[in-house]
Amino acid sequence: MASTLDAAQKAQVLVASNRGPVSYQVGEDGSLHARRGGGGVVSGLSSIGSGPGSVWVCAALGDGDRAAVRRADGGLLPAEDTGGQRVRMLDIDATVHAEAYNDIANSVLWFVHHMLYQTPLEPVFDAGFRRQWASYESYNRAFAEALAEEAAEGAAVLIQDYHLALAPRMLRQLRPDLRIGHFSHTPWAPPDYFRLLPDDIAAELLSGILGADRAAFLTQRWADAFTDCCHAVLGPGIPSGTRIGVHGLGADADFLRKRAHEPDVDERMAALRAEIGEGRKTIVRVDRTELSKNIVRGLLAYEQLLEDHPEWREKVVHVAFAYPSRQDLAVYREYTAQVRQVADEINERYGTAGWTPVVLHVKDDFARSLAAYRLADVALVNPIRDGMNLVAKEVPVVSDEGCALVLSREAGAYEELGEDSFVVNPYDIAGTARALHEALTLPADARAERSKRLAAAATALPPARWFLDQLTALDPRPS
């Protein structure tokens with residue numbers, strides 16, 4: 001592919017992801033306002049650095065992003081917006097992006113890897129799916145071409161997640177000299193479930209990732225499932241020679257502890273204490289209203305706790321932050337509405353003039369989330385399936401008095417945190433209610449000791465090291 005860049009401008013280290021480190025909003029006067037992203041993944045990928053030898057390639061996700069790309073020099077965003085990082089944002093056709101992102105990545109691949117389908121009715125792989133799949137291929141090709149153009153000879157490229165499963169092989173075909181890694185942030189489905197996909201699509205996804213020198217996952221369980229799928233779909237062995245790795249992303253302890261003690265967090269703590277009431281214990285959850293997070297069953301388990309143990313009535317509050325996610329998809333809007341409904345029903349059934357059993361907030365507020373972390377006596381993390389779940393790692397790090405963790409065995413974090421958690425089957429309402437009771441009755445000294453061990457395990461691989469370990473593992477390919 002012909003390059004428009006001078007060789008001296010080419011990058012030695014590249015990251016590719018659907019969402020970049022910055023997004024843009026258009027003001028009423030047409031001005032653009034940049035907002036830096038947060039979270040452990042962005043923190044880790046930001047370790048790419050801000051030197052001229054690195055570049056982050058991402059997609060324009062909305063009208064503000066597209067306006068920024070049109071004003072940018074060759075898609076490269078202004079350094080003052082990106083914290084000095086070199087970021088190239090791709091203005092992919094809006095329809096292509098919507099079909100690739102919403103219809104394939106989030107409505108097919110996410111559902112497969114999290115095993116969310118109601119199989120008597122779905123999935124349905126018809127002509128419309130094939131059209132959407134063509135957009136997913138086009139979307140991945142746009143990334144592969146941009147990476148090929150930006151990369152120096154022999155550069156290292158780290159491609160992120162299920163949105164870009166085809167890009168490694170496409171990039172390999174364009175630039176066989178590159179060192180390519182792919183990282184999956186989701187679980188990986190076992191072969192029987194993965195093979196819900198049409199055979200050719202299943203093979204294309206696996207072969208796409210196998211275009212990388214190294215395919216990495218958050219836990220050994222997901223890595224083994226990927227290997228099992230390769231054997232089941234493509235035949236025994238991994239003929240590409242792709243190496244498989246595991247890197248369990250940890251919490252950014254330094255950032256979290258500093259940020260959790262800033263004035264806005266103290267203000268949110270005071271407001272939450274007023275909502276909770278004096279002397280009451282707290283069960284805290286912080287999630288997006290994503291189907292796999294299992295918020296409704298968590299609420300039902302709390303309701304079962306109040307029914308089975310009336311002694312907890314008036315003495316505990318479930319602080320539930322359920323921040324809307326993917327509201328452009330009807331199934332997510334319906335799920336968010338159901339979360340609200342169940343919380344309201346619990347409050348109507350058990351609430352009193354001086355006690356609201358469930359304090360539900362649905363507007364995203366990071367400072368308020370950190371305040372809840374600090375106040376937590378018990379953290380409830382009960383996903384149906386989760387690649388890792390950073391909340392399970394963040395709460396023990398931030399909690400002021402130490403917290404007990406009720407953790408689903410289907411969260412990737414279970415591999416590292418299970419020994420010191422109250423482990424639950426995410427479908428078992430009665431079992432989760434029992435675990436909540438045990439966690440609430442844990443003596444303060446035992447809770448603090450457990451929380452200390454959880455925090456140590458949770459921070460074992462902080463985001464910067466998580467990124468750099470992957471980069472180090474991309475040794476030059478043998479000649």
Side-chain angles (χ1 to χ4, degrees), residues 260 263-289 293-324 333-382 391 395 398-406 422 424 429-444 447:
D264 60 339
V265 177
D266 291 334
E267 291 170 10
R268 305 301 197 281
M269 283 184 70
L272 277 176
R273 282 197 181 101
E275 282 189 278
I276 293 163
E278 192 66 33
R280 292 186 174 123
K281 291 203 170 189
T282 57
I283 299 170
V284 168
R285 82 171 304 136
V286 177
D287 278 311
R288 293 176 296 112
T289 49
K293 299 299 184 182
N294 209 22
I295 300 169
V296 168
R297 287 192 188 91
L299 288 166
L300 293 175
Y302 176 65
E303 182 178 34
Q304 190 70 51
L305 170 75
L306 298 179
E307 187 63 28
D308 293 345
H309 294 278
E311 67 270 23
W312 283 118
R313 297 177 194 177
E314 304 258 10
K315 294 183 179 177
V316 66
V317 171
H318 186 11
V319 179
F321 295 165
Y323 300 142
R333 293 194 299 273
E334 293 163 6
Y335 188 73
T336 302
Q338 190 173 7
V339 168
R340 288 178 182 267
Q341 179 182 332
V342 174
D344 288 344
E345 289 172 353
I346 294 171
N347 286 335
E348 287 170 13
R349 182 175 180 185
Y350 294 99
T352 65
W355 173 56
T356 303
V358 179
V359 171
L360 176 69
H361 285 285
V362 296
K363 184 178 179 183
D364 197 348
D365 184 331
F366 184 54
R368 188 176 58 212
S369 297
L370 290 174
Y373 287 1
R374 287 182 60 186
L375 291 170
D377 294 298
V378 176
L380 174 58
V381 179
N382 67 320
V391 170
V395 182
V398 174
S399 174
D400 282 353
E401 304 295 332
C403 73
L405 177 62
V406 175
F422 294 87
V424 296
I429 301 299
T432 304
R434 285 194 300 273
L436 289 172
H437 175 67
E438 291 170 10
L440 285 167
T441 54
L442 189 69
R447 189 183 71 198

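Hydrogens, waters and symmetry mates are skipped; everything else that's a heavy atom, side chains included, is used. Position 1 is the first residue of the sequence, and the numbers go up from there.
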- Answer yes or no: does atom CD of E401 have more than 12 heavy-atom neighbours from other residues, nucleotides or ligands under 6.0 Å? no
- Task: Measure the acute angle between the ring planes of H361 and F321, then classify it against the limits of 30° and 60° as parallel, tilted or perpendicular.
- Result: perpendicular
- For the residue pair R268 and R374, establish whether any side-chain heavy-atom pair is separated by less than 4.5 Å. no
- Sequence-distant partners of Y373, side-chain hydrogen bond (donor to acceptor under 3.5 Å, both in side chains), two or more places apart: E394
- Message: Run the side chain to side chain contact (heavy atoms under 4.5 Å, CB included) test against K281 and tell me which residues pass, sequence neighbours left out.
- Response: W312, V316, D377, L440, R447
- Write down the atom of A260, the atom of V398, and the distance for their closest heavy-atom approach. CB-CG1, 3.6 Å
- Message: Is there a side-chain contact between E314 and R280 in this structure, where contact means two heavy atoms from C-beta onward sitting under 4.5 Å apart?
- Response: yes
- Message: Quick one, R434 and H309 - any side-chain contact, counting heavy atoms below 4.5 Å?
- Response: no
- Message: Assess, by modelled atom type and distance only, whether the side chains of Q341 and E345 contain a donor and an acceptor separated by less than 3.5 Å.
- Response: yes
- Calculate, to the nearest 0.5 Å, the distance between atoms CG and CG belonging to L436 and L305 respectively. 6.0 Å
- If you look at every heavy atom in D264 and A367, which pair is closest and at what distance? OD2-CB, 3.4 Å
- For N347 and P357, which heavy atoms make the closest approach, and how far apart are they? OD1-CD, 3.1 Å
- Item | Gap between atom CG of N382 and atom CG of D287 - 0.5 Å precision | 7.5 Å
- Task: May I ask you to decide if I295's main-chain N or O and Y335's side chain share a donor-acceptor pair within less than 3.5 Å?
- Result: yes
- Message: If you define the side chain from C-beta out and look only at heavy atoms, does anything of L299 sit under 4.5 Å from V339?
- Response: yes
- Does D364 reach the main-chain N or O of Y323 with its side chain, forming a donor-acceptor pair under 3.5 Å? no
- Partners passing side-chain hydrogen bond (donor to acceptor under 3.5 Å, both in side chains) against T336 (at least two apart in sequence or in another chain): T289, Q327
- Task: Find out whether T356 and E275 are in side-chain contact, i.e. whether some heavy atom of one side chain is under 4.5 Å from a heavy atom of the other.
- Result: no
- Message: Taking side chain to side chain contact (heavy atoms under 4.5 Å, CB included) as the definition, give me every residue that meets it alongside A435, ordered by chain and number, with sequence neighbours left out.
- Response: V406, F422, V424
- Task: Check side-chain hydrogen bond (donor to acceptor under 3.5 Å, both in side chains) between S399 and all other residues, then give those that pass, not counting sequence neighbours.
- Result: none
- Which heavy atom in V358 sits nearest to a heavy atom in A343, and how many Å separate them? CG1-CB, 4.0 Å
- Item | Approximate separation, where rounding is to 0.5 Å, of K293 NZ and R285 CZ | 9.0 Å
- Task: Find the distance between CG (D344) and CG (L360) and round it off to the nearest 0.5 Å.
- Result: 7.5 Å
- Message: Within the 4.5 Å heavy-atom criterion, are Y350 and E307 side-chain neighbours or not?
- Response: yes
- Is there a side-chain contact between T282 and V359, using heavy atoms and a 4.5 Å cut-off? no
- Item | Enclosure of R340 CZ (heavy-atom neighbours >12, cutoff 6.0 Å) | no
- Considering all heavy atoms of both residues, which atom of L272 and which atom of R368 are nearest to each other, and what is their separation? CD1-O, 4.0 Å
- Close side-chain approach of E311 to H437, heavy-atom, < 4.5 Å: yes
- Message: Tell me every residue that passes side-chain hydrogen bond (donor to acceptor under 3.5 Å, both in side chains) with D308, counting only those two or more places apart in sequence or in another chain.
- Response: Q304
- Could you pull out the closest heavy-atom pair between H318 and I283, with the gap in Å? ND1-O, 2.9 Å
